[in-house]
Undergrad: 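Take a look at this one; I'll ask things after.
Please read these numbers as outputs of a predicted model, since none were measured by experiment. All residue numbers in this chain count up from 1 along the given sequence.
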Amino acid sequence: MPSYTVTVATGSQWFAGTDDYIYLSLIGSAGCSEKHLLDKAFYNDFERGAVDSYDVTVDEELGEIQLVKIEKRKYWLHDDWYLKYITLKTPHGDYIEFPCYRWITGEGEIVLRDGRAKLARDDQIHLLKQHRRKELEARQKQYRWMEWNPGFPLSIDAKCHKDLPRDIQFDSEKGVDFVLNYSKAMENLFINRFMHMFQSSWNDFADFEKIFVKISNTISERVKNHWQEDLMFGYQFLNGCNPVLIKRCTELPQKLPVTTEMVECSLERNLSLEQEVQEGNIFIVDYELLDGIDANKTDPCTHQFLAAPICLLYKNLANKIVPIAIQLNQAPGEKNPIFLPSDAKYDWLLAKIWVRSSDFHVHQTITHLLRTHLVSEVFGIAMYRQLPAVHPIFKLLVAHVRFTIAINTKAREQLICEYGLFDKAIKARGMDSTEDIPYYFYRDDGLLVWEAIQSFTSEVVGIYYEDDQVVVEDQELQDFVRDVYVYGMRGRKASGFPKSIKSREKLSEYLTVVIFTASAQHAAVNFGQYDWCSWIPNAPPTMRAPPPTAKGVVTIEQIVDTLPDRGRSCWHLGAVWALSQFQENELFLGMYPEEHFIEKPVKEAMIRFRKNLEAIVSVIAERNKNKKLPYYYLSPDRIPNSVAI
């Protein structure tokens with residue numbers, strides 16, 4: 001009688017093993033086997049991290065094995081099991097791999113196909129077509145879109161983490177990390193004693209040092225020492241947490257009535273302000289999005305205030321970016337003066353602090369939450385709904401949406417969306433010239449990583465799509481793209497997302513956007529938060545007094561009373577520390593430990609991708625040598641694969 005050797009790999013994460021009964025059935029082109037209990041005498045099967053082998057003898061020849069069915073039945077209590085993969089050695093000595101990487105819960109069962117990636121057109125056998133269809137039908141019942149707020153991107157239909165499908169919940173260890181990170185922050189930063197001191201102001205700037213952890217040679221310490229300087233202020237628009245807002249000013253806005261006379265002491269080329277604009281030396285950051293938004297009312301005992309400033313910046317003769325004018329609200333007027341470097345010291349300093357506070361709000365809500373977290377969630381939901389596990393695009397993207405839906409479900413917010421390609425977005429803001437703006441490391445490193453990802457996705461697309469017509473005819477792919485557009489982006493043309501994809505080039509570009517957003521873009525705007533925001537006056541999360549309406553009246557006492565109180569400063573510090581930490585078992589860009597792909601050409605493409613990324617790591621490390629302010633957020637060895645914190 002034919003005999004098969006079945007090798008079963010159990011996950012290594014916490015609680016991945018099971019004591020339940022595990023049954024296996026083989027489904028072949030010539031017949032189906034009976035259900036076999038996988039069990040060894042006097043042996044604890046399916047322990048965490050175990051790889052177990054079993055001999056399965058069948059009554060008759062099954063032909064080519066098409067599916068493997070796994071059933072889990074209760075032994076004592078329901079015991080979830082994480083199955084990594086099954087390998088089958090046939091009676092003829094051939095090996096067939098069946099990737100799984102999923103949880104089997106309750107009295108559950110799962111039917112697996114072999115690991116070869118297949119488009120729908122490649123499946124001619126009715127059984128495999130049926131398996132493909134049933135998988136998507138089941139997923140679409142599990143992964144439902146939900147309107148969180150009218151007009152906003154749709155999200156997963158789940159009120160809390162435990163409502164999510166088990167396969168996208170945090171591993172137990174990941175969940176523990178998420179819960180403990182904040183309390184670890186409190187302990188590591190030694191700030192517990194200040195945590196409940198709300199409405200208690202600091203005495204002066206130096207007083208903030210009581211909660212500032214001094215770590216030798218870090219960016220955060222340099223920020224603390226130089227935060228009041230115009231050079232440090234300008235540098236952060238290029239390489240701080242939020243390097244995506246600054247753009248070249250091609251015309252002075254009417255709402256900012258600044259004149260040459262106002263800023264002539266800051267201009268170094270003996271040109272008028274208008275001429276400097278024409279020469280491309282003037283840049284602008286406009287926080288118009290914050291105009292008319294009510295400040296947070298989470299603390300009824302503390303009034304909180306927002307501004308919507310406009311900041312004009314200048315590229316000096318040293319090619320450094322410095323501020324030359326700040327208006328703290330959108331509408332010009334007598335009570336909305338334009339603050340200048342030539343004003344009294346504290347007038348100018350408070351104006352810059354207001355810009356930094358506004359930047360913090362836009363960074364957290366738009367740059368970070370919306371444009372990485374929520375956009376990546378849209379990709380994840382659409383992927384699970386429309387792409388079966390055997391589809392090559394599912395296999396490519398699944399590592400890049402790992403835990404994203406889970407982290408967002410734990411921290412849901414309500415925002416709108418905008419989409420853009422990295423290189424085109426840089427160019428659209430007039431920030432693409434490396435000669436003109438030589439110190440924009442976010443741009444330089446981001447383009448390197450973007451090109452490496454695009455080269456990789458182009459290779460993968462080329463392996464499975466022989467021409468553009470195959471792309472057009474891949475209905476599952478088109479349904480995925482349509483789901484993103486119709487549900488995630490609410491069918492808005494302004495989002496920039498396509499309704500369909502009609503070429504291999506556009507598909508590669510689309511996949512590059514998905515992967516870059518989930519990995520590099522999130523890393524660039526997330527993991528520097530402690531570096532740039534831990535010195536509270538440099539990134540105030542809240543302001544306790546309204547913006548000044550006149551010049552010559554600001555004092556140091558007024559500034560300190562405007563900045564966050566002791567309690568809120570500590571909560572903020574704990575948050576940015578926790579958000580800036582990598583997970584213990586972090587998977588970085590180019591790492592694909594779950595082998596969803598089994599084909600040699602894709603594995604070779606992955607090797608080339610990793611080599612390209614390693615070369616980028618070396619380039620960035622060499623550039624950063626001896627720099628007082630190194631930029632490393634887009635070094636691939638510091639870019640996690642997915643949005644998971």
Undergrad: Would you please indicate if the ring centroids of Tyr442 and Tyr633 are separated by under 6.0 Å?
TA: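 Not under 6.0 Å, so no.
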Undergrad: Quick one: list whatever passes side chain to side chain contact (heavy atoms under 4.5 Å, CB included) with Asn336, sequence neighbours left out.
TA: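 Expected list: Gln327, Leu328, Asn329.
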Undergrad: When the aromatic ring centroids of Phe339 and Trp348 are compared, is their separation below 6.0 Å?
TA: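 So the answer is no for these two rings.
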Undergrad: The criterion is ring pair (Phe, Tyr, Trp, His ring centres under 6.0 Å); which residues satisfy it with His368, sequence neighbours excluded?
TA: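 With sequence neighbours excluded, His368 shows a ring pair (Phe, Tyr, Trp, His ring centres under 6.0 Å) to His363, His373, His522, given in chain and number order.
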Undergrad: Taking only Lys NZ, Arg NE, NH1 and NH2, and the carboxylate oxygens of Asp or Glu, determine whether Arg356 and Asp359 approach each other closer than 4.0 Å.
TA: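 Here Arg356 pairs with Asp359 in a salt bridge, since their nearest N and O are under 4.0 Å apart.
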Undergrad: Please enumerate all residues that pass side chain to side chain contact (heavy atoms under 4.5 Å, CB included) together with Glu276, with sequence neighbours excluded.
TA: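 Applying side chain to side chain contact (heavy atoms under 4.5 Å, CB included) to Glu276 gives Leu267, Arg269, Leu271, Asn281, Ile282, Tyr314.
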Undergrad: Please name all residues satisfying side chain to side chain contact (heavy atoms under 4.5 Å, CB included) with Asp286, sequence neighbours left out, ordered by chain then number.
TA: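 Result, side chain to side chain contact (heavy atoms under 4.5 Å, CB included) vs Asp286: Lys255, Glu288, Ile310, Gln330.
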Undergrad: One thing to verify: whether Glu509 and Lys506 come together as a salt bridge, which I'm taking to mean a side-chain N less than 4.0 angstrom from a carboxylate O.
TA: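 A salt bridge is present here (some side-chain N lies under 4.0 Å from a carboxylate O).
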Undergrad: Name all pairs fulfilling the side-chain hydrogen bond (donor to acceptor under 3.5 Å, both in side chains) condition that reach into residues 609-623, sequence neighbours left out, sorted by first residue then second.
TA: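 For residues 609-623, and leaving out neighbouring residues, the side-chain hydrogen bond (donor to acceptor under 3.5 Å, both in side chains) pairs sorted by first residue read Asp445-Arg623, Glu622-Lys625.
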Undergrad: So, using salt bridge (Lys or Arg N to Asp or Glu O under 4.0 Å) as the criterion, who are the partners of Asp230 when residues are at least two apart?
TA: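 Scan of Asp230 (salt bridge (Lys or Arg N to Asp or Glu O under 4.0 Å), adjacent residues dropped) gives Lys352.
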Undergrad: Could you list the residues that satisfy side chain to side chain contact (heavy atoms under 4.5 Å, CB included) with Ser358, not counting sequence neighbours?
TA: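 Ser358 satisfies side chain to side chain contact (heavy atoms under 4.5 Å, CB included) with Tyr287, Leu290, Ala307, Pro309 once adjacent residues are dropped.
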Undergrad: Just jot down the ring pair (Phe, Tyr, Trp, His ring centres under 6.0 Å) partners of Phe237, sequence neighbours excluded, or say none.
TA: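 Testing Phe237 for ring pair (Phe, Tyr, Trp, His ring centres under 6.0 Å), a comparison that skips the adjacent residues, returns Phe233.
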Undergrad: Using the salt bridge (Lys or Arg N to Asp or Glu O under 4.0 Å) criterion, which residues pair with Asp474? Sequence neighbours excluded.
TA: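 Expected list: none.
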Undergrad: Sequence neighbours excluded, which residues qualify as side chain to side chain donor-acceptor pair (under 3.5 Å) partners of Tyr632?
TA: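 Only Asp531 meet the side chain to side chain donor-acceptor pair (under 3.5 Å) criterion with Tyr632.
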Undergrad: Between Asp347 and Lys551, is the closest basic N to carboxylate O distance under 4.0 Å?
TA: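 Between Asp347 and Lys551 there is no salt bridge, as every charged N stays at least 4.0 Å from the carboxylate O atoms.
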Undergrad: Could you tell me which residues satisfy salt bridge (Lys or Arg N to Asp or Glu O under 4.0 Å) with Lys502, sequence neighbours excluded, listed by chain and number?
TA: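 Per chain and number, Lys502 pairs via salt bridge (Lys or Arg N to Asp or Glu O under 4.0 Å) with no residue.
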Undergrad: Do the ring planes of Phe609 and Phe456 sit parallel (below 30°), tilted (30 to 60°) or perpendicular (above 60°)?
TA: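 Taking Phe456 first and then Phe609, their aromatic rings lie parallel (interplane angle under 30°).
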Undergrad: Give me the one residue out of Leu313, Ile326, Val355, Val362 that meets side chain to side chain contact (heavy atoms under 4.5 Å, CB included) with Val285.
TA: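 With Val285 as partner, side chain to side chain contact (heavy atoms under 4.5 Å, CB included) holds for just one option, Leu313.
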Undergrad: Please evaluate residues Phe588 and Glu586 with respect to the criterion side-chain contact (heavy atoms from CB on, under 4.5 Å), reporting the C-alpha separation (whole Å), side-chain torsions for both, the decisive distance (0.1 Å), and the verdict.
TA: CA-CA 6 Å; Phe588 294 97; Glu586 196 74 76; 3.7 Å; yes
Undergrad: Sequence neighbours excluded, which residues qualify as salt bridge (Lys or Arg N to Asp or Glu O under 4.0 Å) partners of Glu451?
TA: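 Residues passing salt bridge (Lys or Arg N to Asp or Glu O under 4.0 Å) with Glu451: none at all.
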